[in-house]
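Within every chain, numbering begins at 1; the chains are lettered A, B, ... in the order of the sequence lines, protein sequences first and strands thereafter.
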Amino acid sequence: MSGGPIVLAASAALTPAGNVAINNADLKVDTSRAIRIRELNFTIQSGPVGAKSAHVDLGGSVFANVKIGKFDLTNGFVPVWCLGPRYSSMLEGGSAGFIGAGNIGVSGAITTAQYAYYSHMRWIFPKPMHTGVGSAIRILLQRTADMDTVYGVNFNAQNYTVTTSAVAEYTDESPDTIVAPYAMAFVPSLTQLQSQEKDFENTFKIPLQIVRFVGRMVASNGVVDEWITPSQRWTVAARDNDGRIISPVTEWENLFSPDQKSWVFNRELKVGGSYIFTLGALPANATGRAHIGVLGYRTERAH
Amino acid sequence: MNGFTVGVDIGYRGQKITQSPVPLQVLGPTIEPYAESGNALVGTTTAIEFSAGAVKLERPVYLFPGEKLDILLTHRNAIPSPISVAVTVSGRLINQKDMPAKRYLPYFAAWTPPAFATLSAAASQVSSEKDLANGLSVPIEIRRIVGKLGYITTASGGQSFFPEITDVACMDWYDSLVTVDLRSYDGTRVTPSTSTPFGAAFPAPRRSLEVPHILRPGAFYRAQLNLAATVDAVAGVIQPAIAICGYRRAS
């Protein structure tokens, strides 16, 4: 049983194609007791835009590089929508909320052209991560430049506000080992159809416990819409670096469930091991890209 | 409409399950946000507001033959219309010999301050030591702290209605208008500052801090909510509520 809850939270503005570091001071364990972090939450809010749609998801256009204390939690920048399964398509995929000057009229109808899109992502750690006094959560954010005009909304003219909160608990324990979550991602270019070993490689000197794969679909004009892409006709296959097939060629939706966009895996990845994903070519008249993430954890020595 | 319109007081064999009437909205985490506030059109002009929710008990309540839960529902007067409420309890039959030796009862305590009715002026609400408290004589295993914001429009022909389905996401905006300072009774901070955005303290989609811990008898949480003034003409009020949800050994 823990010593009670604590939340660390911070926000940062993110310009189109920009980079920003979330304020370390706000995400530092500035208490007299250590904490165990249970989850990281990301809320991405667009600036005011002129129209709304129910199909915009900002989680694929913001990439996060996360480190807690001395432990890397990502292998570089990972799309935040690959940090966990999808929990709520409606909330994640383009909630259009009111913002700025204007009126909310009868039954909440928005009478002015002031909207903001909100997307919510949640990374639940497989096991709570012990974080000592003085340690900080370091989050670097990066935003893609390919959010073009979508449904009449020009996202490239807007800054995002990204709010991160870590839900944690106080603890008086001083463990010898720390369970650190880890996320990797394969973000191919339009023409790239196969991941490389380094994309999903265990570069640690200890085994990685893989928990799940996450597969998200990206429209060509931005990371916005998982329904317009022909995902059911897109094939995917996966093998490990020893050549063992972990998934034969199958349709995308068979591997990554339509509701959670996730494949629960639960297998150990040995030191130096890796997974390689191969994508089928899209139909000639279709456009789209894949984001594939791997989530797991490893057990490190605390000192 | 949403679950802020109805409070519920639950008891079992004279033991409190709710410390005081708790809005249905904060009995549990958000499972499906678009079911919590709905609007069904009847004919062409009349709308019926509705909401649906479920509270999943992680530890079951055992009812012996002839026993029942005492449930008292309260119309919180947030809307002028009568409200129909259907309560369903689902479980399964169990042989008495399979009854566990240790049994638990859920416990809910909520703080529902007066709504922020004027959004053009800054305002604050502070909970007392009796609101988010362990009012029992035994420790409570807190499983979650739920925080939600309700919205009531006042521009619907003189009626007051909660937002319809397509406007639920407006709550995201209120998340940054309202900030929260949450501490335990001994001053230990739950939120990092006095002005943590409500949405950062209780992140979507579940609006629930799921950190199990023990709250000893007499211990409590103290919350302060601050509304930032907005120049925007919003025809409505914001109704916040925070609840602690947990279990204790059944006597």
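The nearest pair of heavy atoms linking A9(A) to T196(B) is CB-CG2, 4.2 Å. Closest of all the heavy-atom pairs between P212(B) and R38(A) is CD-NH2, 3.5 Å.
For A168(A), the part lying under 4.5 angstrom from a heavy atom of chain B is the backbone only. Only the backbone of A201(B) comes within less than 4.5 Å of a heavy atom in chain A; its side chain stays farther off. Residue contact with chain A, scored on non-hydrogen atoms closer than 4.5 Å, involves the side chain of I145(B) exclusively.
Within 6.0 Å of NZ on K28(A) lie no more than 12 heavy atoms contributed by other residues, nucleotides or ligands.
The most heavy-atom pairs under 4.5 Å with chain B, out of D30(A), T163(A), N41(A), come from N41(A). Options S184(B), P192(B), P197(B) differ in how many heavy-atom pairs under 4.5 Å they form with chain A, and the most are formed by P192(B).
When side chains are defined from C-beta on, V167(A) counts as touching L209(B), because their heavy atoms get closer than 4.5 Å. Residues P5(A) and Y221(B) form a side-chain contact, since some pair of their non-hydrogen atoms from C-beta on lies under 4.5 Å apart. For the pair R189(B) and T31(A), the minimum side-chain heavy-atom distance is 4.5 Å or more. With a 4.5 Å cut-off on side-chain heavy atoms, H120(A) and P203(B) do not count as touching.
For P240(B), the side-chain contact (heavy atoms from CB on, under 4.5 Å) partners are P113(B), F116(B), L149(B), L225(B), not counting sequence neighbours. In terms of the side chain to side chain donor-acceptor pair (under 3.5 Å) criterion, residue partners of Q224(B) (sequence neighbours excluded) are, by chain and number, R222(B), N226(B).
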